[in-house]
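Whatever order the structure lists ligands and atoms in, that order sets their numbers, starting from 1.
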Amino acid sequence: MPLKLFCCDECIPERQNHVYIKEEGEDTTQCLPLSNIETIPGSLSERGCSYCGAKLVIGGVIKDCIQMIHGPVGCAYDTWHTKRYPSDNDNFQLKYVWSSDTKEKHIVFGAEKQLKKAIKEAFKEFPKIKRMFVYTTCTTALIGDDPKAVCREVEEELGDVDIFVVECPGFAGVSQSKGHHELNIGWMRDKIGTLEPEIKSEYTINVIGDYNIQGDTYVLQRYSDKMGIQVIAHFTGNVTYDQLRCMHRAKLNVVNCARSAGYIANELKRVYDIPRMDVDTWGFDYIKAALRKIGAFFGLEDKAEEVIADEVAKYEGKLNWYKERLKGKKVCIWTGGPRLWHWTKALEDDLGMEVVAMSSKFGHQEDFEKVIARGRVGTIYIDDGNELEFFEVLDNIHADIIFTGPRVGDLVKKLHIPYINGHAYHNGPYMGFEGAVNMARDMYNGIYSPMWSLAGKDPRVVQEL
Ligand code: CFM
């Protein structure tokens with residue numbers, strides 16, 4: 001059994017079931033690490049909560065919408081400005097934070113009135129905005145508030161507003177993954193099909209599971225435009241609330257992040273019979289394959305080849321320059337889940353790098369199946385990793401660069417290892433052809449920065465003094 005118990009986990013031996021090392025000839029149907037279950041007490045998890053999965057990852061990206069967080073102000077503040085998803089609506093969605101600001105007295109006497117007051121105040125402050133998401137949090141769910149009833153009242157009173165409620169208290173589920181699920185299913189149930197889009201092309205798609213991190217959506221939109229394909233909605237990069245209500249009219253759902261948004265694609269298949277096509281959009285080879293698949297679906301193979309030829313001509317030389325310098329460098333990917341399987345082969349095939357350790361915060365079994373199938377023999381695959389495990393990995397394997405979040409990233413910097421923000425990127429977009437070059441450039445800048453050798457000299461300088 002290729003499972004491993006880290007030395008740091010001796011007092012929580014159950015962690016052994018969450019750490020896997022791929023062996024030669026290993027078949028992922030025989031053994032997978034456990035995942036998508038409760039964090040083991042004593043393990044300092046890096047996971048987020050259900051509310052965070054709904055708000056920070058999916059809902060908060062929508063560009064014309066007030067995001068009302070029904071709970072103590074900290075829940076709102078802590079999911080504000082930690083993710084970079086711009087929009088062409090003057091970044092409205094990044095500028096403000098809203099909360100019903102519940103206090104102890106509301107916990108005792110109920111917070112519905114407070115919520116109603118906050119919603120009306122927010123609409124008054126932003127008279128042009130007529131759409132709102134309301135999120136529950138641990139506290140307001142525990143006291144049994146009924147935000148849906150409050151929102152129906154406000155909709156009736158104001159007449160021209162539309163409000164969507166996500167029931168995503170932090171304690172629900174085992175990670176942020178539960179919040180993705182709740183939002184997907186809720187949106188399908190309450191909002192899809194309540195508005196009709198203007199159809200401008202016979203080729204229509206939804207791009208599902210792309211959140212315009214540092215402009216990813218703009219890249220995908222440009223490829224679609226060049227192929228003459230109308231994107232009804234990006235779920236949810238640079239999108240409006242009303243575009244998302246029209247998703248039922250697409251002829252194809254193109255799914256990038258299957259973990260956070262596969263559910264809505266499945267529901268659209270079940271209810272409206274819209275086919276689901278899973279693609280990878282990071283990496284040269286993968287984006288080529290994605291464009292070819294979409295082209296083949298609509299009979300637009302020539303258009304796809306044109307886009308590919310243009311982009312390859314522009315970016316292949318640049319990518320090769322970085323490949324020369326990144327070949328053989330060792331990488332860790334410690335993010336949420338899907339980026340492990342999206343990136344591992346892309347980094348190896350496009351750039352000749354070696355992915356030596358991967359950790360997923362909340363990936364499910366299917367994510368581990370994919371990443372282990374695509375990953376290398378000898379690589380360490382961790383579910384719900386903790387900091388001590390990360391340090392032990394780094395004691396045992398050499399890594400030239402690590403994709404992770406700023407929290408763990410700042411820790412590895414102290415070991416003089418560069419990190420790239422694997423969630424919000426350093427200088428994206430990272431999707432598509434230009435994105436692959438940007439990603440390579442950021443890794444090159446990280447690995448070859450003279451800062452690391454200078455930082456490494458400090459102790460000796462001190463000794464000499
Ligand atoms: Fe999908 Fe995402 Fe990810 Fe994700 Fe995330 Fe993310 Fe991620 Mo950070 S939606 S699952 S909950 S690709 S925020 S944009 S990078 S952990 S691997």
Novice: Side-chain atoms of residues 66-73: list all donor-acceptor pairs with protein atoms under 3.5 Å, sequence neighbours left out, distances to 0.1 Å.
Specialist:
from  : atom 1 : to     : atom 2 : distance (Å)
Gln67 : OE1    : Tyr135 : OH     : 2.4
Gln67 : NE2    : Gly59  : O      : 2.9
His70 : ND1    : Ser100 : OG     : 2.6
His70 : NE2    : Asp145 : OD2    : 2.8

Novice: In the protein, which heavy atom is nearest to atom 8 (Mo) of ligand 1, and how far is it?
Specialist: His423 ND1, 2.1 Å

Novice: Which atoms from ligand 1 have a heavy atom of His180 less than 4.0 Å away?
Specialist: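 Here the atoms of ligand 1 in question are 11 (S).
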
Novice: Is ligand 1 under 4.0 Å from a heavy atom in the side chain of Lys83, in the backbone, in both, or in neither?
Specialist: side chain

Novice: Please output the side-chain donor-acceptor pairs of residues 163-181 that fall under 3.5 Å, not counting sequence neighbours, one pair per line with the distance.
Specialist:
from   : atom 1 : to     : atom 2 : distance (Å)
Ser175 : OG     : Ser177 : N      : 3.1
Gln176 : OE1    : Gly48  : N      : 2.8
Ser177 : OG     : His364 : NE2    : 2.7

Novice: How about Phe133 and Trp187: are their ring centres within less than 6.0 Å of each other?
Specialist: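 Yes, the ring of Phe133 comes within the 6.0 Å limit of the ring of Trp187, centre to centre.
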
Novice: Can you tell if the side chain of Asn36 reaches within under 4.5 Å of the side chain of Phe362, non-hydrogen atoms only?
Specialist: no

Novice: Could you identify the single nearest non-hydrogen protein atom to atom 2 (Fe) of ligand 1 and state the distance to 0.1 Å?
Specialist: Arg339 NH2, 3.9 Å

Novice: Atom 1 (Fe) of ligand 1: which protein heavy atom is closest, and how many Å away?
Specialist: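 Nearest neighbour among protein heavy atoms for atom 1 (Fe) of ligand 1, to 0.1 Å: Cys257 SG, 2.2 Å.
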
Novice: Determine whether any heavy atom of Pro338 lies closer than 4.0 Å to an atom of ligand 1.
Specialist: yes

Novice: Gly337: heavy atom below 4.0 Å from ligand 1, yes or no?
Specialist: yes

Novice: So which protein heavy atom does atom 5 (Fe) of ligand 1 come closest to, and at what separation?
Specialist: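 Here the nearest protein heavy atom works out to Phe362 CZ, 4.0 Å.
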
Novice: So, is the end of the Arg339 side chain (NZ or CZ) under 6.0 Å from the ring centre of Trp341 and within 45° of the ring's axis?
Specialist: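 No, cation not above the ring by the 6.0 Å, 45° rule.
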
Novice: Should we say atom NZ of Lys414 is surrounded by more than 12 heavy atoms from elsewhere, each under 6.0 Å from it?
Specialist: no

